[in-house]
2 protein chains.
Amino acid sequence: MSIKGIFPIDKWDFKSESILIDLPAEDFDLLMAHSNEKLYKKNEILFREGAYASGIFYIVKGKVKKYKADEEGNEQIIYLAHTGQLIGYHGILSGDQYLDSVGVMEDSRIVFIPKDDFMRTLEHSSIFSNRLLKTLSHEYTVLTNSLTVLAHKTVRERLALQLVVIREKYKEKGAEGMPIVLNISREDLANLVGTARENVVRILTEFKEDNILETKGRKITIKDVNKLVQIANFK
Amino acid sequence: MSIKGIFPIDKWDFKSESILIDLPAEDFDLLMAHSNEKLYKKNEILFREGAYASGIFYIVKGKVKKYKADEEGNEQIIYLAHTGQLIGYHGILSGDQYLDSVGVMEDSRIVFIPKDDFMRTLEHSSIFSNRLLKTLSHEYTVLTNSLTVLAHKTVRERLALQLVVIREKYKEKGAEGMPIVLNISREDLANLVGTARENVVRILTEFKEDNILETKGRKITIKDVNKLVQIANFK
DNA sequence: CTTTATAATTGATATAATTCACTTTTTGAA
DNA sequence: TTCAAAAAGTGAATTATATCAATTATAAAG
């Protein structure tokens, strides 16, 4: 049985179709006029919150984390973005500074698009601007859901939920039966769930004992998603 | 001394200028073509999450809360909206259902604008559409900040922060020296902060003992904002 | 392959927050 | 003004989570 039926994935993730797919060639060319693809290494920083927003980024292939860091150095991961997604437009639209920081989680191919080209395309293409409105509204659902979960669910429930979300997100199309291996540090997992690393470790151990998952080094293999869904406890 | 300097209000609130102010008359008329003002009583529900999104709402005068309710009946307040703000567009932009629920907190004058007029204005007016993009991006800051605070600050710090935010929000322009009286139930305050009502009551008592505020019935008068700012502990 | 820095894990303890059961106060309707 | 319902307030017990201080395992670089 597919988890999709009982698990409303798009309430927890943004729509995964790329905002650029099937964009009219003219609009696409305008946007990409001065674009510049680069290979980023794991742990590199794409940009930091508060820095001047000089343009947006398009993830050709890879995984990144959007996060906020507070005074004490606590890091809260806002969203895990990946192949096909656009990054950094919030800051440009609302002012001229990036609103969060973005770190690269695995070696990634990422295209930089200068601010001017982004703005020009936005003005010129109502398709692009409508899609962006739609994307932003969808982000609203995801963020407000995260807020509710964070406020009212236990760490255990939140961790179970995030594991399911990440699994769905990183699942390759077509590979239905295959077990999905998550390659994410305990630290990042903790910063995503909003708790301390130690708690994540402890709960993962419990999950291991309950035969829900296996770990090998930092890699997590989920064996029983349904149990996780049950623990996360949502309708 | 104004609190504005040390308190980055727009990180916690949306920009308070109305999205409709100074909109070209032509666009405004298009938007308001079939609008309909109604008087809503305290505690009335404007719409519920998941309901068909038939249009948007403009708050002419009043206060409302945007919230999400989970299976267990827990209510998380996402945002307190008031005079001059637009409500309900996320659902229309991202699909056809409202993405949260909205309840009226005090008797309010609210205009309903049918979906078609909203969409037509959006297509026709690039000013309107640009402002909406800006508003949505700004919401992103507010929501991601809320997320970070919820995940990493104590209930005490969160409550202090919210009291400052509400005070700034509800402050009448010009009445600088006047003490601001907040009229909000402990329950709503708890649902905003993301905790139980009892905790809010206990911490308010502590604040009272520390001469930070006074309460008379459900009304809260803040006497020392700076102390609250200090407790909330942000740069 | 070995080394070394980094990350994961474990246990013990302290603290924060929730929950439940109850009393008191306030509010709004009659 | 009275009265009932709703909201606020209090105390005690329980549970969840954070924090600190180590040890062990892992991965990345030379």
Side-chain angles (χ1 to χ4, degrees), chain A residues 41-44 65 70 72-76 103-107 149-160 162-163 181-209 213-221 231 233, chain B residues 41-44 65 70 72-76 103-107 149-160 162-163 181-209 213-221 231 233:
Chain A
K41 289 250 158 226
K42 184 175 171 177
N43 292 329
E44 278 192 84
K65 59 179 175 183
D70 69 12
E72 282 106 27
N74 295 315
E75 183 177 292
Q76 176 62 38
V104 178
M105 294 178 70
E106 62 175 35
D107 294 5
V149 168
L150 206 50
H152 296 289
K153 301 243 180 199
T154 64
V155 171
R156 189 183 158 83
E157 291 168 328
R158 269 139 61 193
L159 180 56
Q162 285 299 343
L163 288 172
V181 178
L182 312 182
N183 192 2
I184 183 169
S185 74
R186 304 297 181 265
E187 189 82 43
D188 277 348
L189 214 40
N191 292 338
L192 188 62
V193 166
T195 187
R197 199 188 59 254
E198 292 95 323
N199 290 322
V200 168
V201 169
R202 271 185 262 269
I203 296 169
L204 282 179
T205 307
E206 286 173 34
F207 286 170
K208 221 166 10 178
E209 284 161 0
L213 49 81
E214 270 172 9
T215 63
K216 195 176 279 179
R218 79 183 37 170
K219 290 193 171 68
I220 300 166
T221 310
I231 291 166
N233 177 38
Chain B
K41 289 251 156 226
K42 184 175 172 178
N43 294 328
E44 277 192 83
K65 57 179 176 184
D70 69 11
E72 282 107 27
N74 295 315
E75 180 177 297
Q76 176 62 37
V104 178
M105 293 176 71
E106 62 175 36
D107 295 3
V149 168
L150 206 48
H152 297 289
K153 301 244 181 199
T154 64
V155 171
R156 189 184 158 84
E157 290 168 329
R158 271 140 59 195
L159 180 56
Q162 285 299 343
L163 288 173
V181 178
L182 313 182
N183 191 2
I184 184 170
S185 75
R186 305 299 180 263
E187 187 82 44
D188 277 349
L189 213 41
N191 292 338
L192 187 62
V193 166
T195 189
R197 186 176 38 78
E198 291 95 324
N199 290 321
V200 168
V201 170
R202 268 186 266 268
I203 297 169
L204 283 179
T205 307
E206 285 173 35
F207 287 169
K208 220 165 10 175
E209 284 162 0
L213 49 81
E214 270 173 7
T215 62
K216 194 176 279 178
R218 79 182 39 171
K219 290 193 170 66
I220 300 166
T221 309
I231 290 166
N233 176 40

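Naming convention: chains lettered A, B, ... in sequence-line order (proteins, then strands); numbering from 1 in each chain. Predicted model, so just to flag it, every value in this text is computed and none were measured.
L163(B) places a side-chain heavy atom less than 4.5 Å from the side chain of F207(B). Side-chain contact between I231(A) and R156(A) is present, with heavy atoms from C-beta onward closer than 4.5 Å. Counting only heavy atoms from C-beta outward, the side chains of I203(B) and T195(B) never approach each other to under 4.5 Å. Put simply, the side chain of L204(A) reaches to within 4.5 Å of the side chain of V200(A), judged on heavy atoms. Side-chain contact between E72(B) and H152(A): absent, with no pair of heavy atoms (C-beta onward) separated by less than 4.5 Å.
Applying the salt bridge (charged side-chain N to carboxylate O under 4.0 Å, His left out) test to residues at least two apart or on different chains, the pairs with a partner in residues 190-205 of chain A are E187(A)-R197(A).
A straight line from NZ of K219(B) to P of dT26(C) spans 12 Å, rounded to a whole angstrom. For L204(A) and dA7(C), the CG to C1' distance is 14 Å, given to the nearest whole Å. E106(B) has its CD atom 13 Å from the P atom of dG28(C), to the nearest Å. Rounding to whole angstrom units, NZ of residue K216(A) and C1' of dA7(C) are separated by 19 Å. K153(B) has its NZ atom 16 Å from the C1' atom of dA16(C), to the nearest Å. In this structure, CG of N43(A) is placed 13 Å from C1' of dA5(C), rounded to the nearest angstrom. Separating the CG atom of N199(A) from the P atom of dT9(C) is a distance of 13 Å, rounded to the nearest angstrom. Taking atom CZ of R156(B) as the reference point, atom C1' of dA17(C) lies 14 Å away to the nearest angstrom.
Nearer the 5' end of DNA chain D, as judged by each residue's closest nucleotide, is the contact made by R158(A), out of R158(A) and E198(A). Residue-to-nucleotide proximity on DNA chain D shows that, of G217(A) and A196(A), the 5′-proximal contact is made by A196(A). Comparing A151(A) and T215(A) against DNA chain C, the residue whose closest nucleotide sits nearer the 5' end is T215(A).
For DNA chain D, none of the residues of residues 182-193 of chain A falls under the heavy-atom distance limit of 4.0 Å.
Within 3.5 Å, a donor on the side chain of R202(B) pairs with an acceptor on the base of dT19(C), or the reverse.
When atom types are taken as modelled, the side chain of Q76(A) and the backbone of N191(A) share a donor-acceptor pair closer than 3.5 angstrom.
Across all strands shown, K42(A) has heavy atoms under 4.0 Å from sugar-phosphate atoms exclusively, and none from any base. Using a 4.0 Å heavy-atom criterion, one finds that R197(B) contacts the bases of the nucleic acid, with or without backbone contacts as well.
When the side-chain nitrogen and oxygen atoms of T205(A) are compared with OP1 and OP2 of dT9(C), none of them lie within a distance under 4.0 Å.
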| Would I184(B) and M105(B) count as a side-chain contact (heavy atoms from CB on, under 4.5 Å) if you check the C-alpha gap in whole Å, the side-chain angles of each, and the deciding distance to 0.1 Å? | CA-CA 8 Å; I184(B) 184 170; M105(B) 293 176 71; 4.1 Å; yes
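Checked by atom type, the side-chain pair K208(B)/T215(B) shows a donor-acceptor distance below 3.5 Å.
Between K41(A) and D107(A) a salt bridge is recorded (basic side-chain N to carboxylate O distance below 4.0 Å).
On the nucleic acid side, DNA chain D has its first and last nucleotide under 4.0 Å of a heavy atom of chain B at dA7(D) to dA12(D), going 5' to 3'.
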